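Contents: one structure, followed by commentary.
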Amino acid sequence: MRVSQFFISTLKEAPAEAELVSHRLMLRAGLIRKLGSGLYTWMPLGLRVLRKVEAIVREEMNAAGAVEVLMPAVQPAELWQESGRWQVFGPQMLKIKDRHDRDFCFGPTHEEVITDIARREIRSYRQLPVNFYQIQTKFRDEIRPRFGVMRAREFLMKDAYSFHTTFEDLQREYRNMVDAYTRIFTRLGLGFRAVAADTGAIGGTGSHEFHVLAESGEDAIAYSTGSEYAANVELAEAVAPSAGRGAPTQSMQKIATPGAHTIEEVSALLKVPAERIVKTLMVVANDGTELLLLLRGDHMLNEVKAGKLAALASGFRFASEGEIRARLGTGAGSMGPVGANLTIVADRALLAVSDFVCGANADGFHLAGVNFGRDLPEPAEYADIRNAVAGDPSPDGKGKLDILRGIEVGHVFQLRAKYSTAMGATYLDEQGQSQPMEMGCYGIGVSRIVAAAIEQNHDERGIIFPDAMAPFRVALVAIGYRKSEAVKQAADALLAALTAAGIETLLDDRDERPGVMFADMELTGIPHRVTIGDRGLKNGELEYQHRRDAKSQPIPAAEAASWLTARLG
RNA sequence: CGGGGUGUAGCGCAGUCCGGUUAGCGCGCCUGCUUUGGGAGCAGGAUGUCGGAGGUUCGAAUCCUCUCACCCCGACCA
């Protein structure tokens, strides 16, 4: 391909709206253009990258035995009402009406549609197992779309759904998919990690996420430095302290703490470390139950874990200032568990805390030297309700936890019979008995992968694409293409030879200054570059430079094609 | 949803507080000449419903009202 025939549109300055480096670079390199919030056009160069990712995903899914389908993007409301998710999915789902005023949605996911296919098409155990997948545009009306295609509203996703007669067979396919995903991300050249995960809104039992590791990642991953354990912090168990609680050594006293509302302020004022301060949170369940949650001052509440408490099973929110005042007679900054007429659930870390500081339920006052069992009753329950932090023991007993940040690019679930039961997807077993199918589902964020790869592979000059997803593998920079017959001939010949060898090559044949061409080829992240100019040609040489190399190296012009073919495989 | 911010040429911005005549700057774009191994130089040129609607005024990018879009932060002060 020649730049003069292609379309590249680079920007020296990124639009002001772009913050994240991958977003800026994708805009600057002309990979994408924004149409509206969370809506992006894939420009020619970007589309080539997207297609590369898609192709690898497709190849590996096929190799793993999945079969491709393509379901409608627009889905009738009836299916979602049947599964009970028409309401549950909420405002994230884009709902639309047709001319007959019938309800539809633009599909945010396709469990309902595929389950409908399965119940119509699959009648016998002889037809199972089967794994259907598609690569298709989804729409989720995100609360806050951001970071370009990283969290867009419309995005490209590979979603697969498997159907089985037994849980054991589902688990086999689940492992098969984990292996396929591992091959996919390895082939894409990404640094990634599979981690145990929460199942969230989709439901089911086992679940793993695949994260591309990057500082800018929106998710935190806890992993053990001494074993293979890795989990999303939403899920990672914060183990109960092994040491017991010390006996009380102080008596409880009320201390004026004017103006100190946060743990940091109280800690600084009283010169007590945050570990010996107890943080009190008041939450209200959707069924009206009010609850106090206690945490060590240096710990953070994990809302996913808290949501699993029996009392909060209906879902919960934080109490308003008014509710706190009505119940405890104080503002949020001075609330505490002593004398509070509310059920208390404490994080297990408090099993090892004595002589602590907490709010006094009186504005501007805290209590010090507080002890469970003496100054207040033991909490109704000790539970794991905090985020694991670096330094915590690994839940598997081997090593300590550390925290990494990651971008979720894949997620696999064991759905079991949730949808098949709700929607009547059954088959007849060997005994002629009707059974609900076991289901798994497996997603990959295809468009997000492009952004994640750039987060992981860039420098101050631009993108550095891994070979597997580069829009072109080789950039030929022809200096003076329109002036020098020798350059033109050498460049045309090399382009033809590499193209014939199946190596996707972009020849910059523009009448541009060298600096412009170099800058554009670097910005767009093409991994291999060959410079063709009269200067080198005089000595029968071209120059090769990998995008990560600091300097170029001369290669014989006559053997350039074979040299590159051998090098690039 | 709550809070904050921004909309002026393709991109980045100034001008708005304190209303005034042809609305500017850099980059990009077009033409010509020169230049040609790291985002060229000179000369000339084109491009604006100042987000939209309404209002105030002799006069509105600027003031007022409404509205739309986009961005950021928060949703863990406790």
Side-chain angles (χ1 to χ4, degrees), chain A residues 9-20 23-24 27-28 30 33-39 90-92 141-148 257 259-267 274 277-283 292-304 306 316-321 323-325 327-328 330-337 340 347 357-361 363-364 366 385-387 461-462 477-484 487 508 510-523 529 531-538 541-543 545 551-552:
Chain A
S9 181
T10 57
L11 259 29
K12 275 193 188 175
E13 291 177 282
E17 71 215 28
E19 256 209 342
L20 202 65
H23 187 195
R24 297 177 60 85
L27 288 168
R28 284 191 54 210
R33 289 291 182 250
K34 186 172 78 169
L35 180 63
S37 179
L39 303 171
Q92 236 196 60
D141 201 353
E142 295 282 348
I143 294 176
R144 181 140 92 92
R146 57 184 130 178
F147 308 145
T257 51
H261 301 295
T262 67
I263 295 290
E264 293 74 34
E265 288 162 0
V266 172
S267 173
I277 301 176
V278 165
K279 182 193 294 197
T280 308
L281 306 171
M282 180 170 161
V283 296
L292 279 192
L293 303 177
L294 304 186
L295 292 159
R296 222 170 71 180
D298 57 330
H299 287 154
M300 300 265 252
L301 179 70
N302 180 316
E303 294 187 39
V304 173
F316 73 96
R317 61 177 173 80
F318 287 89
S320 67
E321 185 78 14
E323 286 168 326
I324 292 171
R325 194 159 286 280
R327 195 69 199 223
L328 298 171
T330 182
S334 295
M335 62 195 286
D347 183 70
V357 170
C358 61
N361 287 331
D363 286 319
H366 279 72
I385 55 171
R386 70 174 172 96
N387 281 338
R461 292 182 295 183
V477 176
I479 295 170
Y481 183 88
R482 312 267 171 118
K483 305 283 193 308
S484 163
V487 168
D508 197 339
R510 292 176 296 178
D511 188 20
E512 280 289 357
R513 301 179 70 80
V516 173
M517 296 192 281
F518 287 139
D520 275 351
M521 294 303 113
E522 285 163 354
L523 175 61
R529 183 175 86 199
T531 305
I532 301 157
D534 280 322
R535 201 170 77 184
L537 243 27
K538 273 189 303 197
E541 287 176 345
L542 306 181
E543 291 158 60
Q545 185 173 353
K551 291 172 101 171
S552 66

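Residue numbering restarts at 1 for every chain, and letters A, B, ... go by the order of the sequence lines. Please read all numbers here as calculations on a predicted model, not as lab measurements.
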Under 4.0 Å protein heavy-atom contacts per nucleotide of nucleotides 26-36 of chain B, with B for base, S for backbone only and - for none
BSS------BB
Return a single string for nucleotides 71-78 of chain B, one symbol per nucleotide in 5' to 3' order, where B is base contact, S is sugar-phosphate-only contact and - is none, cutoff 4.0 angstrom on heavy atoms.
SBB-BBBB
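Across all strands shown, Thr330(A) has no heavy atoms under 4.0 Å from either base or sugar-phosphate atoms. Counting any heavy atom pair closer than 4.0 Å across all strands shown, Arg510(A) reaches no nucleic acid atom.
Contact detail for Leu27(A) and Ala18(A): the closest heavy-atom pair is CD1-CB, 3.7 Å. The minimum heavy-atom distance linking Ala306(A) with Ile385(A) is given by the pair CA-CG2, 4.2 Å.
Using a 4.0 Å cut-off between charged nitrogen and carboxylate oxygen, Arg325(A) and Asp363(A) count as a salt-bridge pair. A salt bridge between Glu19(A) and Arg146(A) is absent, with no side-chain N of the basic residue lying under 4.0 Å from a carboxylate O of the acidic one. A salt bridge links Arg386(A) with Asp347(A): the distance from a Lys NZ or Arg NE/NH1/NH2 to an Asp or Glu carboxylate oxygen falls below 4.0 Å.
Across Val477(A), Val487(A), Asp508(A), a single residue satisfies side-chain contact (heavy atoms from CB on, under 4.5 Å) together with Ile532(A), and that is Val487(A).
A 4.5 Å side-chain heavy-atom check between Ser9(A) and Arg33(A) finds at least one atom pair inside the cut-off. For the pair Leu537(A) and Leu542(A), the minimum side-chain heavy-atom distance is below 4.5 Å.
Straight-line distance between the C1' atoms of rU47(B) and rC33(B): roughly 24 Å, to the nearest whole Å. Rounded to a whole angstrom, the distance from the C1' atom of rU62(B) to that of rA14(B) is 14 Å. Using atom P as the reference point in both rC11(B) and rC71(B), the two lie 14 Å apart (nearest Å). Look at the P atom in both rA46(B) and rC30(B): the space between them is 15 Å, to the nearest Å. Taking atom C1' on both nucleotides, rG45(B) is separated from rG38(B) by 29 Å, rounded to a whole Å. Straight-line distance between the P atoms of rC27(B) and rG41(B): roughly 8 Å, to the nearest whole Å. Going from the C1' atom of rG26(B) to that of rU8(B) covers 15 Å, rounded to whole Å. Using atom C1' as the reference point in both rC70(B) and rG28(B), the two lie 23 Å apart (nearest Å).
Protein atom CD of Gln545(A) is 13 Å distant from nucleotide atom P of rG38(B), rounded to whole Å. For the pair Arg33(A) CZ and rG10(B) P, the interatomic distance rounds to 14 Å; values are reported in whole Å. Here the P atom of nucleotide rG39(B) and the CE atom of Met521(A) are 16 Å apart, to the nearest Å.
In the interface, the side chain of Asp534(A) is not paired with the base of rG37(B) through any donor and acceptor atom under 3.5 Å apart.
Side chain of Lys279(A) to backbone of Ile263(A): no donor-acceptor contact under 3.5 angstrom is found.
Out of rG38(B), rG37(B), rG39(B), the shortest distance to the side chain of Arg28(A) is found at rG39(B).
Taking a pair to require two hydrogen-bonding distances under 3.5 Å in either a Watson-Crick or a G-U wobble arrangement, rC63(B) pairs with rG55(B).
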Could you walk me through whether Arg28(A) and Leu523(A) pass side chain to side chain contact (heavy atoms under 4.5 Å, CB included), step by step?
CA-CA 8 Å; Arg28(A) 284 191 54 210; Leu523(A) 175 61; 4.0 Å; yes
